[in-house]
Structure formats: structure tokens, C-alpha cells
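Worksheet: one structure, shown below.
Both counts, for ligands and for their atoms, begin at 1 and track the order of listing. Both backbone and side-chain heavy atoms feed into the values below; hydrogens, waters and symmetry mates do not.
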Amino acid sequence: MVKIAPSILSADFANLERDIRRISCADWLHVDVMDGCFVPNLTIGVPVVQSIRRCTGMFLDVHLMIDKPERYIPAFAQAGADLLSVHLEADHPSGIARALRLMEEHGVRKAVALRPITKAEAVLPYLEELDMVLVMTVEPGFGGQSFIEEQLDTVRRVRELIELRNPACRLEVDGGVSPKTAPLVLSAGADTLVAGSAVYGARDPAAVIKALRGQG
Ligand code: DX5
Ligand code: ZN
């Protein structure tokens with residue numbers, strides 16, 4: 001089943017609880033953590049995830065856009081994340097492997113994320129143990145960018161690898177997803193859609209969530 005994960009990056013941070021309630025018909029809540037180093041933007045940290053955890057029972061899908069993410073896995077797990085995504089470009093393979101081990105020890109679901117420059121095959125060393133692969137369809141860092149259509153090839157290739165090695169693994173796409181681009185992403189093999197500006201920029205976020213599911 002397709003899951004929709006609105007990104008609170010496009011929410012009003014002064015009214016976060018209200019904006020989380022506005023998308024309660026979605027499946028997951030996508031939380032973008034940026035460190036000003038891996039990406040040129042600073043956003044949400046551990047205390048905010050902790051506060052979000054207290055105000056919603058939604059599944060928290062936490063996207064870590066930070067260098068050497070293993071340093072922060074225990075803190076985000078304890079703050080209440082249900083799933084953590086670490087970028088393959090954010091550390092050496094040994095650091096990524098340690099980050100995944102820490103997720104396992106802390107009982108959170110495990111995902112790796114790919115910038116547009118990274119080949120689908122980069123997931124292979126980890127794929128068997130993953131709960132999800134996240135393919136970026138914009139350069140990570142900011143909401144509201146245009147969908148990079150060439151990334152559909154990466155989505156297709158990751159889907160093939162998932163079918164071969166770990167069919168239970170989810171495939172999430174993040175960046176420029178809207179009711180217009182969602183059908184392309186879904187037909188390329190994604191089953192989990194992140195959408196920030198398309199959902200929060202709309203007068204009726206629930207209608208957009210429905211449209212993203214293909215029920216518009
Ligand atoms: C970008 C973030 C995305 C962002 C998506 O670095 O990872 O999750 O919020 O925003 P839209 O849907 O506006 O492209
Ligand atoms: Zn994201």
C-alpha cells in the first residue's frame with residue numbers, strides 16, 4: 001500500500017502542532033533534520049523531535065541530512081523517531097554500517113538515502129538489512145524545488161534491486177513530489193511519497209494527500 005509522508009519542513013514552525021493535525025489523514029510524518037554542513041541549511045534537532053513525539057502518535061520518518069550520522073542515532077531514537085534515514089554520502093561505508101547497527105540496537109527502522117549523484121547500486125552492501133531506501137528527486141537542503149525527472153531511472157533501478165534482494169523493503173521518494181509528479185514516481189516503483197510544499201502550500205492539505213494516493 002502507498003504511504004504518504006508530508007514533510008513538516010514546509011509547515012509553520014510557530015504552529016507545528018496545528019500543522020501536524022492538519023495532515024493527520026496521512027500515513028507518516030516526515031521530519032527533515034539538516035546540520036548546515038552536509039547540506040547548506042539548518043532545521044530541526046533532537047529537542048524538536050522529542051516535542052513532536054509528545055503531540056502525535058503518527059509514525060515519525062526522520063530524514064537525517066547530517067555528516068557522520070552515527071553520532072546522533074541514539075539521541076534521535078530516544079527522542080521517539082520510528083525510522084531513521086542516513087545519507088550514503090555522509091560517511092565512509094564503515095560509519096554507515098555502524099549507524100545501521102545503532103538503529104538496530106535502539107529498535108528503530110533503518111533506511112539509507114541517496115542524493116541524485118549516487119548510483120542505485122550503492123545500496124547493495126546494506127539492502128538485505130534495510131526497512132527502506134530513500135531516493136532524492138531534488139538536491140537535499142530545501143523544500144519547494146523542482147522534481148528531477150532523470151531520477152526516475154534511479155527509482156526504477158532501486159525497485160529492481162529491492163525485488164531481487166529484499167522485497168519487504170520500502171522505497172521512498174522525496175523532493176518535488178506533487179499530484180502531477182506522483183504518478184510518475186509510483187509507476188517507477190516507489191511506494192512511499194514525501195511531499196512538503198505540495199501539501200502545506202495547498203488550502204486543503206487533506207485533498208492533496210488524497211490526490212497523491214491517486215484518489216483525487
Ligand atoms: C529536502 C527535504 C524534503 C523537502 C521536500 O531536502 O528532504 O523532505 O521537505 O519538499 P518538497 O516536497 O517541497 O520538495
Ligand atoms: Zn526529506
Of all pairs that satisfy side-chain hydrogen bond (donor to acceptor under 3.5 Å, both in side chains), the ones with a partner from residues 39-55, not counting sequence neighbours: R53-D82
Listed once per pair and sorted, the side-chain hydrogen bond (donor to acceptor under 3.5 Å, both in side chains) pairs that draw on residues 192-203, sequence neighbours left out: R170-T192
Whether N166 side chain and L127 backbone form a donor-acceptor pair below 3.5 Å: yes
Side-chain donor/acceptor of D19 to backbone N/O of I8, under 3.5 Å: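 Pair absent, no side-chain N/O of D19 close to backbone of I8.
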Sequence-distant partners of H87, ring-ring contact (aromatic ring centres under 6.0 Å, His included), two or more places apart: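 ring-ring contact (aromatic ring centres under 6.0 Å, His included) list for H87, sorted by chain: F38, H63.
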Those atoms of ligand 1 less than 4.0 Å from some heavy atom in [X]:
| X | value |
| --- | --- |
| D32 | 2 (C), 3 (C), 4 (C), 7 (O), 8 (O), 9 (O) |
| G175 | 14 (O) |
| A195 | 12 (O) |
| G143 | 10 (O), 13 (O) |
| H30 | 8 (O) |
| M34 | 6 (O) |
| P140 | 6 (O) |

Residue-ligand contact F142/ligand 1, heavy atom below 4.0 Å: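 F142 counts as a contact of ligand 1 under the 4.0 Å cut-off.
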Any A198 heavy atom less than 4.0 Å from ligand 1: no
The single option from E139, E89, Q151 passing side chain to side chain donor-acceptor pair (under 3.5 Å) against R115: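 By the side chain to side chain donor-acceptor pair (under 3.5 Å) criterion, R115 pairs with just one of E139, E89, Q151: E139.
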Protein N, O or S atoms under 2.8 Å from the Zn ion (ligand 2): 4
Qualifying residue for salt bridge (charged side-chain N to carboxylate O under 4.0 Å, His left out) with D191, from R159, R213, K3: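 Only one of R159, R213, K3 forms a salt bridge (charged side-chain N to carboxylate O under 4.0 Å, His left out) with D191, namely R159.
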Nearest neighbour of atom 9 (O) of ligand 1 from the list S178, A113, S7, G196, on a heavy-atom basis: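 Answer by nearest heavy atom: S7.
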Options N41, I8, D174, ranked by nearest heavy atom to atom 7 (O) of ligand 1, top entry: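 Heavy atom nearest to atom 7 (O) of ligand 1 belongs to D174.
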